[in-house]
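Down below is the structure, laid out as structure tokens.
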Amino acid sequence: MKMKKIYYLLVSTIILLSSCNEKWAEYYSGSSNTEENMNMTIVEYLSAHPEYSKFTEMLTKTGLYSELSKDQQITIWVADNAAMDVSGITDTDTLRMKYHMNYLPFLRTDLKDGLRILSLNGIYFQITVKGDSVFANSSQVIKSIRLKDGVIHQISSLMKSRVNIYDYLKSLGDDYSMIRDTIFKYSVERFDKANSIPVSVDKTGNTVYDSVFYVYNPIFETVKFNSEFSQFTIFLPSNNVINDCFQTLQSTYTSMGKTVALSDSLLAWTWIKQAMFYNGQISDFSATDLSSAYNCKWRTTVQQLDLANPLAMSNGVVYNITKLKIPNNVIITRIKSLVEYWEYQDVDKMYPSTDDLYTFTGISGNPSVFTADATPKPTILPNYVVLQVTGDENSNDEFSVEFPPLERYVNPIDGKYHVRVLQVPTGEYNLYMGFQSSGHPYVFVYFNGIQIGTEIQASLSTPWNYDRVTETDPLTKKWDGLGGLVGVVNVTKDDGTSGMASFKIKVKWSRNDPAGTKRMRIYHWALKPTANNY
């Protein structure tokens with residue numbers, strides 16, 4: 001009885017193993033009649049299948065056929081003759097053929113979505129699973145065969161060897177020379193002592209090496225975009241895109257009464273370089289802001305990419321930029337002007353007269369310019385100069401002054417100072433102001449008719465006395481600061497679109513300081529873009 005149980009157990013085991021073998025063969029070949037193929041080597045299998053003869057012939061021409069008979073496990077990604085005919089491969093393209101070979105047997109079950117496989121040419125390709133279909137890069141895996149010394153996967157088309165991002169950027173043509181040269185001018189070749197082999201000693205006793213060198217670039221400290229062990233996304237600007245970007249920047253500066261200085265250009269270039277590198281592969285652009293490897297914000301509603309034509313690399317993906325803008329909060333540190341510029345009348349009528357620009361309400365006597373205290377920088381500005389207006393002590397009517405942003409300039413016709421109205425980029429700013437604080441009354445501040453500052457006690461020297469606080473000159477620490485924070489304002493166009501626009505600030509008397517009189521002495525205003533001002 002015991003022997004009979006053992007007999008039935010052995011029979012059951014044999015049947016089970018036979019069934020598993022059949023399932024294994026069926027899984028890898030798509031047929032149940034493939035057990036013989038599993039006992040073949042890769043060389044024997046390719047020899048027995050003439051539909052792969054052109055692939056095998058190309059392995060011979062490129063000197064790779066001998067790899068198939070080495071004592072090793074290997075995976076071959078083979079294309080049939082029809083696919084080879086349209087591949088465009090040449091007889092000397094060893095690198096591309098190496099791209100279709102890798103050590104270790106990767107079974108069909110190993111081909112998981114996102115798997116990156118290192119080929120014999122040192123470059124990775126990526127496995128993607130879409131439903132029941134498996135792809136090596138963009139080539140579909142048609143069938144898979146498990147053999148004695150490895151695995152063969154037939155793919156729908158011969159893959160193109162993807163280049164490393166570093167090599168791709170370095171090989172860019174003249175249309176991309178500006179960004180190419182900016183990145184690679186920092187690359188240096190360094191001696192790799194650890195991997196160099198000592199071969200002799202010279203006459204002075206110094207070791208002579210069979211030297212190994214490697215390329216170093218400061219960008220590698222944050223984004224090692226030459227590595228095959230990480231994935232990156234690159235936003236790439238052409239020369240035309242960069243030139244258009246700087247032309248827009250110059251136009252913006254002109255409207256603000258400024259010119260693009262060297263420091264501004266360097267700041268813009270730094271942002272462009274740092275905004276083009278991202279960790280990982282990005283395919284989802286639904287978010288408004290993307291953070292680069294340097295924590296630069298890429299606003300998808302402002303910047304534009306060619307999303308329809310991504311360039312797949314061995315270690316990531318490259319998107320070409322079609323429109324590029326330096327964010328306002330990056331390039332604009334501050335916009336600042338003095339209120340006393342009211343005094344400069346535009347006599348040649350090239351611009352509207354300031355008589356029409358300032359609105360004085362409820363004042364007693366005429367507005368005037370008052371020379372106040374000495375400054376910490378007498379070589380630049382001997383004294384603070386303020387706009388002075390006085391109100392009627394016995395009146396309860398509104399006492400205020402409203403003014404636009406003005407730029408002072410020297411007219412070449414008469415050599416005198418004149419002013420013109422500024423425009424600034426639309427968006428959100430922090431508004432700062434300064435007064436001669438001593439004895440100054442409490443005030444309200446309005447921006448484009450909207451009340452921003454309520455009951456500001458401008459008699460407090462900190463922060464309201466001139467521009468002596470907030471981001472001041474680092475040497476004097478009480479010069480050319482932003483002044484006191486009034487609040488957050490928005491510069492908008494009448495039609496609600498972005499671009500350039502002007503604005504008006506109104507300072508309205510509220511009540512006197514106990515030690516003061518009904519008199520306002522206004523020094524300056526300043527705008528600083530917020531993080532929301534892109």
Side-chain angles (χ1 to χ4, degrees), residues 256-258 261 263 329 332-344 358 367-390 400-401 403-408 417 419 422 424 429-447 452-489 503 505-530:
M256 293 191 298
K258 300 173 65 179
S263 58
N329 53 36
I332 301 172
T333 54
R334 61 171 70 178
I335 307 168
K336 182 178 177 180
S337 184
L338 303 184
V339 182
E340 60 95 2
Y341 286 168
W342 160 84
E343 69 172 310
Y344 301 104
Y358 278 56
S368 62
V369 171
F370 176 76
T371 300
D373 306 302
T375 74
K377 285 288 184 88
T379 56
I380 300 175
L381 186 68
N383 295 88
Y384 293 109
V385 181
V386 298
L387 176 69
Q388 175 176 274
V389 287
T390 304
S400 65
V401 54
F403 49 87
L406 297 181
E407 174 205 2
R408 185 180 71 170
Y417 282 127
V419 288
L422 292 177
V424 302
Y429 295 85
N430 283 316
L431 172 65
Y432 296 83
M433 292 192 71
F435 308 83
Q436 186 195 41
S437 65
S438 179
H440 202 283
Y442 290 73
V443 294
F444 295 97
V445 174
Y446 298 79
F447 191 89
I452 305 299
T454 302
E455 284 277 303
I456 291 175
Q457 189 178 358
S459 61
L460 297 176
S461 59
T462 302
W464 302 108
N465 196 36
Y466 306 120
D467 55 359
R468 288 176 171 262
V469 299
T470 317
E471 297 184 15
T472 55
D473 175 77
L475 296 178
T476 64
K477 298 183 179 179
K478 287 188 176 183
W479 165 254
D480 193 25
L482 293 173
L485 176 62
V486 178
V488 177
V489 300
F503 55 88
I505 297 172
K506 182 167 81 170
V507 181
K508 176 183 172 184
W509 178 86
S510 172
R511 58 189 173 91
N512 283 354
D513 182 88
T517 58
K518 197 173 183 178
R519 178 188 63 208
M520 296 188 292
R521 288 178 173 175
I522 311 168
Y523 179 60
H524 84 288
W525 61 265
L527 292 178
K528 185 176 181 65
T530 69

Without placing hydrogens or testing angles, list every side-chain donor-acceptor pair under 3.5 Å for residues 367-377, not counting sequence neighbours.
| from | atom 1 | to | atom 2 | distance (Å) |
| --- | --- | --- | --- | --- |
| Asp373 | OD2 | Tyr466 | OH | 2.6 |
| Thr375 | OG1 | Lys377 | N | 3.2 |
| Thr375 | OG1 | Lys377 | O | 3.4 |
| Thr375 | OG1 | Leu381 | O | 2.2 |

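- The closest side-chain heavy-atom distance from Met433 to Ile505 is below 4.5 Å.
- Side-chain N or O atoms of Asn329 include none that pairs as donor or acceptor with a backbone N or O of Pro529 at under 3.5 Å.
- Expressed to the nearest 0.5 Å, how far CZ of Arg521 lies from CD of Gln388 amounts to 4.0 Å.
- Residues Tyr432 and Val486 are not in side-chain contact: their nearest non-hydrogen atoms beyond the backbone lie 4.5 Å or more apart.
- Residues Leu431 and Leu527 have side chains in contact (heavy-atom distance under 4.5 Å, counting atoms from C-beta outward).
- Here OH of Tyr442 is found 5.5 Å from OG of Ser459. Values are rounded to the nearest 0.5 Å.
- Taking the six-membered ring where tryptophan is involved, the planes of Tyr358 and Trp342 are tilted, since the angle between them lies from 30° to 60°.
- Aromatic ring pairs are classed by plane angle as parallel below 30°, tilted from 30° to 60° and perpendicular above 60°; the pair Tyr384 and Tyr523 is perpendicular.
- In plain terms, the two heavy atoms of Ala458 and Ser437 that are nearest each other are O-CB, 3.0 Å.
- Atom NZ of residue Lys528 and atom CG of residue Asn430 lie 8.5 Å apart, to the nearest 0.5 angstrom.
- A heavy-atom distance below 4.5 Å is not found between the side chains of Trp464 and His440.
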*Would you sort out whether Asn465 and Phe435 count as a side chain to side chain contact (heavy atoms under 4.5 Å, CB included), showing the intermediate values?*
CA-CA 5 Å; Asn465 196 36; Phe435 308 83; over 6 Å; no

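- None of His524, Lys478, Lys336 except one satisfies the side chain to side chain donor-acceptor pair (under 3.5 Å) rule with Asp467; the exception is Lys336.
- Between Trp525 and Phe503, the distance from one ring center to the other falls under 6.0 angstrom.
- Tyr341 and Val419 get closest at one heavy-atom pair: O-CG1, 3.6 Å.
- In this structure, the side chains of Glu407 and Ser337 stay at 4.5 Å or more apart for every pair of heavy atoms.
- Taking every heavy atom of both residues into account, Glu340 and Leu387 meet most closely at CB-N, 4.1 Å.
- Here the CG atom belonging to Leu475 is positioned 12.0 Å from the CG atom belonging to Asp480, to the nearest 0.5 angstrom.
- Thr472 places no side-chain N or O within donor-acceptor distance of the main-chain N or O of Trp479, the cut-off being under 3.5 Å.
- With hydrogens and angles disregarded, no donor-acceptor distance shorter than 3.5 Å links the side chain of Thr470 to the backbone of Gly481.
- How far CG of Leu406 is from CD of Glu343: 11.5 Å, rounded to the nearest 0.5 Å.
- Between Val424 and Tyr429 the shortest side-chain heavy-atom distance falls below 4.5 Å.
- The main-chain N or O of Val401 is never found under 3.5 Å from a side-chain atom of Lys508 such that the two would form a donor-acceptor pair.
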